[in-house]
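This structure is a prediction, so every number in the text was calculated from the model and none was measured. Sequence positions, counted from 1, serve as the residue numbers for this chain.
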Amino acid sequence: MSVPPSVTKINKDGVEFVSSVDRVSYTMKELCRAALRDVGKLVCKRFRTAFYNHFKRTKGRVGKFTQYWVKHKYEDYPSLQVGIKPNAFYGGFQELGSSKTAKLGLLSSAVEDNISDIIKTESQYLSALEDEAQALSMISDDDYEGNGEE
């Protein structure tokens, strides 16, 4: 059977959920693939906007060299890999840094800053994450009073 259709639209304002998925019609592997596909789209879109904002550009070719891969063929459960293609020579230096360039980390910060959107997107496909997303939204950082290991 095929992968479920995408249920998200990503725009400048955020993530918009267009519809829901009939979870009964698809296998768990297909739902995981669809969830990871939408997360890959989200991370690539946020990386591109961060890249263009950092270098103060309105257009360019970074979209051509940014890609996501959902690996599923030879594994039991699919996995997501988001990255910069090998032909984008300076992209690796900008992400990781080198002896002559500072580390920007735009791709890793795009993932870290959008964890709540990633959980919301995956919870549209997977019902177990839906309960977890609801519990995480009820917790606020102001209520936490821990002092680390003291």
Measuring only between side-chain heavy atoms, which start at C-beta, is [X] closer than 4.5 Å to [Y]?
X: Arg37; Y: Tyr68; result: yes
X: Val111; Y: Val82; result: no
X: Pro78; Y: Lys29; result: yes
X: Gln124; Y: Asp38; result: no
X: Leu42; Y: Val15; result: yes
X: Leu80; Y: Trp69; result: no
X: Val39; Y: Glu122; result: yes

On a heavy-atom basis, which atom in Ile10 and which in Lys41 lie closest, and how many Å separate them?
CD1-C, 3.7 Å
For the student: nearest non-hydrogen atoms of Leu107 and Gly83, plus distance:
CD2-CA, 3.9 Å
Partner residues of Ser109 under the side-chain hydrogen bond (donor to acceptor under 3.5 Å, both in side chains) criterion, sequence neighbours left out
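For Ser109, no residue satisfies side-chain hydrogen bond (donor to acceptor under 3.5 Å, both in side chains) once neighbours in sequence are set aside.
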Verdict with reasoning, Tyr125 to Arg33, per side-chain contact (heavy atoms from CB on, under 4.5 Å):
CA-CA 10 Å; Tyr125 292 96; Arg33 277 181 56 199; over 6 Å; no
To the closest 0.5 Å, what do you measure between OG1 (Thr121) and CG (Leu36)?
11.0 Å
Test Thr66 against Arg48 for side-chain contact (heavy atoms from CB on, under 4.5 Å), laying out the working first.
CA-CA 8 Å; Thr66 307; Arg48 288 182 201 123; 4.3 Å; yes
Going through the checks in order, is the side-chain contact (heavy atoms from CB on, under 4.5 Å) test met by Ser108 and Glu95?
CA-CA 8 Å; Ser108 58; Glu95 181 67 25; 3.5 Å; yes
What pairs with Asp117 under salt bridge (Lys or Arg N to Asp or Glu O under 4.0 Å), at least two apart in sequence or on another chain?
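Salt bridge (Lys or Arg N to Asp or Glu O under 4.0 Å) list for Asp117, sorted by chain: Arg46.
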Check ring-ring contact (aromatic ring centres under 6.0 Å, His included) between Phe55 and all other residues, then give those that pass, not counting sequence neighbours.
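Partners of Phe55 under the ring-ring contact (aromatic ring centres under 6.0 Å, His included) test: Phe51.
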Please assess Gln94 against Ile84 for the test side-chain contact (heavy atoms from CB on, under 4.5 Å), listing each intermediate value before the final yes or no.
CA-CA 11 Å; Gln94 291 166 350; Ile84 303 168; over 6 Å; no
